Amino acid sequence: MRKLSDQEIERRKSLEALKEMGIDPYPPEGWQLSHTSEEIKAQFRQGAELGEVSLAGRIMARRIMGKASFVVLQDHRGKIQLYVARDILCPGEDKTLYNEVFKKYLDIGDIIGVRGEVFATRTGETTVRVKELKLLAKSLRPLPIVKVDAEGKVHDAFTDPELRYRQRYVDLIVNPHVREIFIRRAKIIASIRKYFDSRGWLEVETPILQPVYGGASARPFITHHHALDIDLYLRISNELYLKRLLVGGYEGVYEIGKMFRNEGMDRTHNPEFTLLEMYVAYRDYHWMMEMVEDLLEYVTTQTTGSTTISYGGHTIDFKGPYKRMSMSEAIRQYSGYDIRSMRTEELDQACRQLGIAPEKGWTRGKYIDELFEATVQPHLIQPTYITDYPIELTPLAKKHRSEEGLVERFELFVAGKELANAYTELNDPIDQRQRLEEQARQRAAGDEEAMQLDEDFLRALEYGMPPTAGLGLGIDRLTMLLTDQHAIQEVLLFPQMKPERPHPKSETEHANNQ
RNA sequence: GACUCGGUAGCUCAGCCGGUAGAGCAACGGCCUUUUAAGCCGUGGGUCCUGGGUUCGAAUCCCAGCCGGGUCACCA
């Protein structure tokens, strides 16, 4: 058995004592709720006659003063103070409920239901005078105790990232601002759905397990299907499936879902992350830029109340229209290099001067991409569209209608980070085949991240896909921006972690010895 | 992957010029019927991340490993 701490032993003793008194520490029947803590406080402040209220939540603090006590109860909307007085809780002769159950056997962390009237204390705090109290779930582990003083200063904050991410449930209990992040995340996603649905675009689900992975450049996770005896890949992108649906005749489709990329992890990368992908027929990337402006204005207003947000000390305004620059203009403006007239050797030299070490096999497009990342990207704080990318980097976008060697693509940059990526989609099946065959050659030459040739996707395109604008937008990054968080782990409920090493004296070991 | 910082009580941390551990909160016992970082008196609680090494003696010094943070690299 895992060695229990003194506090855990104490709580288990209380649990047994309660059972002996005939109190079920985990009763099945629940508790009728009349209000949330937030509703009680708001309505009482406005002078409402609340009468008796009934609420439930977790004990977060206890201040016992003999025959009366104050309790801080936390529910999903906030905290409220309870006043538990012996003779109000136990009007008769039997004071067991107060003296024994409440004072001795309840702890911080226990979940209780209470009923009583609302009043204001001497100091004016809205408080529930408890007439009825019931244990709903006993907590066997002590919580980290976070205290906030009169000036609002937080003491002993629970901040260790390892503990917070591994035990997110504890983080959510004791850190209200963390709960808020995930409420906002849900609002962001809900508002995107609302916006798309109102335009008649169809939300779809496409396979996560794919026999051929494509639509992006990344190493996949591989798994195995036993009945079929084939390897399957966790999708790195759903792009090729959504395009099949445009071939099928839907004129607007979108999917919000997890993608999986088997690459490094850091504060901006998690192996699984949430991407919005959407495709609309008979549109091009110019239209898409306007749509994204409109969408982001809507989402920011719906979730934050304004188009203006604060991110890492910058004030960022999502009100459109956003600045637009072609990639070559942007590089000229920020670095002085005119890549359009530069030969590959000159690009190589320019990169070396900037401290970038080129690798053999780099295409012209790769050099340009590197130059861009080093010289331009960090400066793009306000939402900015960078347009017209080198063709080599973008096998699924349509060739530029007037510029040789470029494709009709834009990326949206905010706070120096890529937020969205969009194309006028390539719907010429012959061109698409050539470009994917080029990718296949790069794979054969050892580029693990070049795309696989998806014959069924090409077959679909051969039936004819309408001209289409497509968009990918990182939901995690958008959430980071709208919550002023700088690590992806802060906007994922359960970020990927290395497993905890089982302790030598583990619980399972004990089980085996029993 | 490289470098770097960290891992000590349930939590937040101190101790780290080597002499086998401390504080606050939490817990336990007591007092207290409007407190709010409640207060007062008393008490208990530790594989000092793991494994080696140096030493009469290691939380402390050295080596290796594990986990996490940061920076860089890789990576649309």
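Numbered from 1 within each chain, the chains take letters A, B, ... in sequence-line order. Everything quoted here is computed from the prediction, not taken from an experiment.
- B:C41 and B:A23 are spaced 15 Å apart, taking the P atom of each and rounding to whole Å.
- The base of B:U35 is not paired with the side chain of A:Y83 by any donor and acceptor separated by under 3.5 Å.
- For the OP1/OP2 pair of B:A26 and a distance below 4.0 Å, the side-chain nitrogens and oxygens of A:K147 include at least one atom meeting the criterion.
- Side-chain proximity of A:R409 to the nucleotides B:A76, B:C74, B:C67 is greatest for B:A76.
- Nearer the 5' end of RNA chain B, as judged by each residue's closest nucleotide, is the contact made by A:K104, out of A:E411 and A:K104.
- Both A:E373 and A:Q489 sit near RNA chain B, but only A:Q489 has its closest nucleotide nearer the 5' end.
- Residue A:F70 has its side chain nearest to B:U35 when only B:A76, B:G69, B:U35 are considered.
- Geometrically, A:R168 does not engage A:F494 in a cation-pi contact defined by less than 6.0 Å to the ring centre and at most 45° from the axis.
- You'll find that the side chain of A:P142 is closest to B:G10, out of B:G10, B:A76, B:U33.
- Just one of A:Q442, A:E438, A:Q434, A:M451 meets the side chain to side chain contact (heavy atoms under 4.5 Å, CB included) condition when paired with A:P395; it is A:M451.
- Between A:R63 and B:U35 there is no side-chain polar atom (N or O) within less than 4.0 angstrom of OP1 or OP2.
- For A:K67, whose side chain is taken as the heavy atoms from C-beta onward, the closest listed nucleotide among B:U33, B:G68, B:C11 is B:U33.
- Taking every side-chain heavy atom of A:N421 into account, B:A76 is the closest of B:A76, B:U12, B:U35.
- Here the side chain of A:I64 is nearest to one of B:U35, B:C67, B:C32, namely B:C32.
- Between A:R267 and B:U71, a side-chain N or O to OP1/OP2 separation shorter than 4.0 Å is present.
- A:F102 carries A:R62 over the face of its six-membered ring, with the cationic atom under 6.0 Å from the centre and within 45° of the normal.
- If you check B:U35, B:A73, B:U33 against the side chain of A:T127, the one that comes closest is B:U35.
- Residue side chain A:D156 reaches the base of B:G24 through a donor-acceptor N/O pair under 3.5 Å, judged by distance alone.
- Nearest to the side-chain atoms of A:T159 among the listed nucleotides B:C13, B:C28, B:U34 stands B:C13.
- Annotation: ring pair (Phe, Tyr, Trp, His ring centres under 6.0 Å) contacts of A:F457 (sequence neighbours excluded): none.
- If you check every strand for non-hydrogen atoms under 4.0 Å, A:F273 touches nothing.
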